[in-house]
Amino acid sequence: MKLKPLLALTTALLGWSLASQAAEPFKVGFVYVSPIGDAGWTYMHDRARKIVAEEFGDKIETTYVESVAEGADSERVIRNMSARGHDLIFTTSFGYMNPTLKVARRFPQVKYEHATGYKTARNVGNYQARAYQARYLAGMTAGAMSDTNQIGYVAAFPIPEVIRGINAFTLGAQATNPDATVKVVWINTWHDPAKEREAADSLILQDVDVLTMHTDSPAVIQAAEARGVYSVGFNSDMSSYGPKSHLTAAVMHWESIYRDKIQAVLDGTWEPTAIWHGLKEGVVDVAPFNEAVPEWVVEKVNSVKMQIINGEHAVFEGPIYNQAGELMVKEGEELSDEDLLELEWYVKGIDG
Amino acid sequence: MDLALLENILFATVRTGTPLLVVALGAMISERSGVLNLGQEGMILVGAACAFIAAYSADSLLLGVIIGALAGALVSLIFAFVALTLISNQVATGLALTIFGTGLSAFLGAEYVGQSIEGMTRVELPLLHKIPLIGPALFGQDLMVYLGLALFALVFWTMRSTRLGLIIRAVGENPQVAHALGYKVLVVRYAAVLFGGAMAGLAGAYLSLSYAPMWAEGISAGRGWIALALVVFASWRTERILLGAWLFGFASILHLLLQGFGYDVPSNLLAMLPYAVTIVVLVFMMSRKGAKGLFAPRSLGQPYHPPQ
């Protein structure tokens, strides 16, 4: 007698659990190369993840794994994610490219999107941000604010992505200050706050009065704040580390890419494309300006920003000379995306 | 090169060398007592995280420094218990300590990532800091640098002229004889390991409170390993540890400065200089007639079984 209601309950529960399984949300996974932290590359990817998770609500479920080393480790993590029923997986570091492609072959029903690579496959797309556009605007600000005409740049590794940023920043600085030069110091690591700070200090000793960096921690901003010179952040708004010194930052907002890709897979319209989005799509931008930045600079930066968005102005638009003073891009021409992806020479005015 | 530049190079050298000096002094004492603790990196990280948390929460740098040292000592206590009381393999235990410390510090510090504190400021000693060339480097630094130098003096004096120094050395050279003479080998070793832990914690506090006043995962970036190499480099001699720390500090900032001054030097090559120097010295020391050239304590890394 007592068994019956129990049975009914069990059936009901089973039915409910089956139903809930059928309505299981769409699963989106993210693989991160470093700890999420507070300001760097991974932080901005995770921020975008939270934004889209909020927007899509119950429709999707997001998961992430942080501090995944490039190479064999990442392959294991991506495979594990694929096997656990993820529908779409974002792998957010250059070194994940080949592991992503390898795993993707085994899981044809899963969609993959890889950040900053150049290969695609039937179920693998890739996406990048035109960070150099924001760098150019940040450089304009730095150039306008420099009295010594010397700007310091703490850089990690001499790879095209970093060189592109340095070149764009320098061209921007020269747009507001034709005499501006940029001193580059390489530290050969993405993340060593003490060394980043030491490099910044060594630049300040050499009459540099604005600093920026292509490394992961905000240590350079702290150094600038402590020594009373200006700084320009990267990846995110780092003004909390330098309330007085932080002029602006070249920031990245990945959410529009994530929103579009997730929507496309939900709609069944997803294609394995390679996209490189910039100011126009809102993927890169400049952070709010410090009040120390005069109004005319803000106006000028904003107007150039509009010009880039409207396609009236390109960052790598001729005439551009290299360090040795040779004309590399003729007047009226501009570098193609292919050239930009392989950029290995420095523009005039870079010291380092 | 002008005077101001040389002054700046010396200043940066002493500052960069300080965390290495402090860790290496602690590691040396521990090794002099016969205990090889490869967990320096883990202890530095826990020290750095705890120091930052304390300094941030209580708004007191002094408290941060104290908590950093205590945290380092506490973590080293785990090592001491496992390696000395349970008589485990010291190398394996030390490596495990580094992995544990790295994870623990990331866990503890997770909520403090992104918080900012006012770091330590320079304290210029009157008159002394005006001495040309060496003044700013030795007398124009922050308090942690002075503390590092004071600890150096303390260790130097202890190892050279005190009974305690002799006991530590005796325990490291021949624990059986030390025991027969009535010294408590385990107590000495425990104390040496704890001292080493506190020093690593202090170095961590220096990194997160002064050098780059923030908490970031992996803020030590391998300095524990460099310090371990430094102890070998200095062949367990206190005065050579000071010189070695400055030399390593100099090597690691030289390429930053030279690049900025426009000297065309391959930065990768210069960045590996400290490591290259360590290898060269190790080879040099090995090449001298066997163990005579190496001043390693004779029972280094060997477990000690107290007689029943």
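Lettering of chains follows the sequences in order, A, B, ..., and the numbering in each one begins at 1.
- For CD of E118(B), the number of neighbouring non-hydrogen atoms (other residues, nucleotides, ligands) closer than 6.0 Å is 12 at most.
- The CZ atom of R197(A) lies 6.5 Å from the CZ atom of R15(B); values are rounded to the nearest 0.5 Å.
- With a 4.5 angstrom heavy-atom cutoff, D201(A) touches chain B only via side-chain atoms.
- For the atom pair OG (S34(A)) and CD (E217(B)), the distance works out to 9.0 Å, reported to the nearest 0.5 Å.
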Let's go through R223(B) and D192(A) carefully: what are the C-alpha distance in whole Å and the side-chain angles of both, what is the deciding distance for side chain to side chain contact (heavy atoms under 4.5 Å, CB included) to 0.1 Å, and is it a yes or a no?
CA-CA 10 Å; R223(B) 285 178 181 74; D192(A) 179 347; 3.3 Å; yes

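- Contact of V154(A) with chain B is not made at all, since no heavy-atom distance falls under 4.5 Å.
- Heavy-atom distances place both the backbone and the side chain of E198(A) under 4.5 Å from chain B.
- Heavy atoms closer than 4.5 Å to chain A are found in both the backbone and the side chain of I219(B).
- There is no contact between P19(B) and chain A, counting heavy-atom distances below 4.5 Å.
- For a residue to count as touching a neighbouring chain, one of its non-hydrogen atoms must lie under 4.5 Å from one of that chain's; by this rule P218(A) touches chain B with backbone and side chain alike.
- Nearest heavy-atom pair across S252(B) and K195(A) is O-CE, 4.1 Å.
- Using a 4.5 Å cut-off between heavy atoms, Q115(B) contacts chain A through its backbone alone, with no side-chain atom that close.
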